[in-house]
2 protein chains.
Amino acid sequence: MTERPNGHRPTLEDVARRAGVSKSTVSRVINGEPKVRAAVADRVRQAVAALGYVPNQAARSLVTRRSNAVAVVVTEPQNRLFVDPYFDCHLRGIRQELVRRGAQPVLLFIEDPDDYPRVGTFLGGGHVDGALLFSLRTDDPLPAMVAHMDLPAVFGGRPAGGSGHRGRGYASVDADNRGGAREAVRHLVSLGRRRIGTITGPLDQTSAADRLDGYRDVLLDAPAELVAEGDFTLRGGADAMAALLDRCPDLDAVFVASDLMASGALRVLRERGRRVPEDVAVVGFDDLVAIAEATEPPLTTVRQDIEDMGRLMARLLFERASDEPASRDGRPAPSSVVTPTRLVVRASA
Amino acid sequence: MTERPNGHRPTLEDVARRAGVSKSTVSRVINGEPKVRAAVADRVRQAVAALGYVPNQAARSLVTRRSNAVAVVVTEPQNRLFVDPYFDCHLRGIRQELVRRGAQPVLLFIEDPDDYPRVGTFLGGGHVDGALLFSLRTDDPLPAMVAHMDLPAVFGGRPAGGSGHRGRGYASVDADNRGGAREAVRHLVSLGRRRIGTITGPLDQTSAADRLDGYRDVLLDAPAELVAEGDFTLRGGADAMAALLDRCPDLDAVFVASDLMASGALRVLRERGRRVPEDVAVVGFDDLVAIAEATEPPLTTVRQDIEDMGRLMARLLFERASDEPASRDGRPAPSSVVTPTRLVVRASA
DNA sequence: ATGAAAGCGCTAACAA
DNA sequence: TTGTTAGCGCTTTCAT
């Protein structure tokens, strides 16, 4: 068992005394600095182990101004989060890259407007060296908050308000939603479909809005009844599909803005006796293989490499955080990257 | 825009100077202490706003020894986490209670053995005032780690190693898994079933082991072929059901250790042409209504109030953290609570 | 290679 | 009611 003479946690000083050296030396050993004699370093490490010493991060970050932690802030009702494999992928990529660079990822949820001030204080308080922010709605106060306290941050998805509208804009990683949607709809057109509907995500999210824009780019004069707003859930996709079918019984194709919604749509199509793709062709978005390959029929969909986008976000954050506003050749580091998408054709269209 | 003369973030001292008062006074205002003249407090608040001042938490916790954050540590491959509504419920309860008491919940994942040291350092470093820990396997090093650095902690589920085996044991909140399982199996017996199988969770988790014990309490001489180990996933439940059916074609009932697995089992039963409950009666565990009411037929299951268990964990943590080892009447605060379960009868058994 | 000393930004006695 | 002072535990010059 660990020895702990008095009641409180051991400090650097305790370790130093026990090892018969100075605090500086202990600090050096702990931080892996080379200039310490091996024998001394060993004595120190023994003392550390014997005392069960763990550095006090508060004291440490007070002087270093770093915490080695990075916040991942998710603004999303929890229930959606825990049901949509999309986040899982994203987080896997983020985690991987963060950990690789020695940072501890800490996840924060915002589920309620009341949460903003508390989370803002947390972010601004030096608990983390940077933040990765998600799912920003048009009215999300987070971008302004982090800008205001100049915390390095990278957004997942294009923040609402237009790219680069504030100063030089935010750093962000976003898929080419609009281009991907265009490709999906063009594919449907090339199949000879003429009554092509779309099921959108919540239009206060930029990804949903951008995908709708892509649809409209191709179908310039699509009537309003061909557009149904969903909410990125399976059930929302099903409901939207039902509404679409009611309004336009002659529908022969539908572009659905997420795979999860698409699987809901497929269910409704089946229930209503429409064959896919013979009667109605379906294209999804995301290419979450767990979903897209499991549907009946397998889903033709727009692929975005979500995991890689996560890694990219983390990488971008480190570039920003390491005070590297311009690379050595003078060009500013890219602050906003749009990753490509591509159509994966399976059986549904 | 916020004024910020020089490059660095404003400190208490900057605010004090600007408001023409001392640091102490600013500190008082910020921490809402009453003994400050309203006029002065206002001047301070104005200075805070003008400077965009956010207290440096590192400095603050260095002296207060508190961080106002609580870690929720989930030891689970992410993919399971993000697919099982069980965690969603638990987290909702935890979050609610934590926030109510002014603590910021921060979520940490452990997905890889490599993560333990890093997370351990984080937990021990004073980033958080306490930890809520989940899904402990028999070989999980976390209990020992937190004990070693005496961080207030509460476990979700009975930690492996027996209750109270180390000193006075850990604080934990667990459902009456064994009792619930007994009730489920007795119900099956009372229905006249004679060949009752069970699909367990991974037996290195105490909840799974306890439920199996409950099954055996009632069916003392159940042969091994009636027991199939699953993994708490839908697919695992389906596979186990298939195995069970292969081994025991005369099976007339099955107790499944989770609703998610039960829904997988129901699917297999249907595919194999077994009617539920006529041919095979099924009882689940959890009563996640999103699942149990949605299956065909609706699932008879053992209810545990997961959300409330989450709240309870948070409450217990605060009791521990507030250095309240014994209540005022001298009795030690309860450190390990087992919450009741009860059978909810629907159509599957 | 090691130690002494200063100070990070804040809170908490204690004085006034 | 307000200000002064002394650290909290660590890293980091600067000496040695």
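Heavy-atom basis, side chains included; hydrogens, waters and symmetry copies ignored. A note on names: the letters A, B, ... follow the listed sequences, proteins ahead of strands, and every chain is numbered from 1.
Spacing between atom CG of B:L62 and atom P of D:dA6 amounts to 18 Å, rounded to whole angstrom units. Between the NZ atom of B:K23 and the P atom of D:dG7 there is a distance of 14 Å, given to the nearest Å. A:R28 places its CZ atom 11 Å from the P atom of D:dT13, with the value rounded to the nearest Å. One can place CZ of B:R37 at 13 Å from C1' of D:dG3, the figure rounded to the nearest angstrom. Following rounding to the nearest Å, A:N56 (CG) and D:dC8 (P) show an atom-to-atom distance of 12 Å. To the nearest angstrom, C1' of D:dT5 lies 13 Å from CD of B:E13. Distance, B:E33 CD to D:dT2 P: 12 Å, rounded to whole Å.
Taking 4.0 Å as the cutoff to heavy atoms of chain A, we find the contact window on DNA chain C bounded by C:dA1 to C:dG9.
Within 4.0 Å of B:R65, counting heavy atoms only, lie sugar-phosphate atoms of the nucleic acid but no base atom. Among the atoms of the strands shown, base atoms are found under 4.0 Å from some heavy atom of B:S24.
When the local axes at the two ends of the helix from C:dA1-D:dT16 to C:dA16-D:dT1 are compared, using 5 base pairs at each end, they differ in direction by 30° after rounding to 10°.
In terms of phosphate contacts, B:T25 brings a side-chain nitrogen or oxygen within less than 4.0 Å of OP1 or OP2 of D:dG3.
Of the two residues near DNA chain D, B:V21 and A:T11, the one whose nearest nucleotide lies more 5' is B:V21. Mapped onto DNA chain C by nearest heavy atom, A:S22 and B:L12 fall at different nucleotides, with A:S22 at the one closer to the 5' end.
Across D:dG3, D:dC10, D:dT2, the shortest atom-to-atom separation from the side chain of A:R60 is found for D:dC10.
Interface remark: the A:R9 side chain does not form any donor-acceptor pair with the D:dG9 base, using a distance-only criterion of under 3.5 Å.
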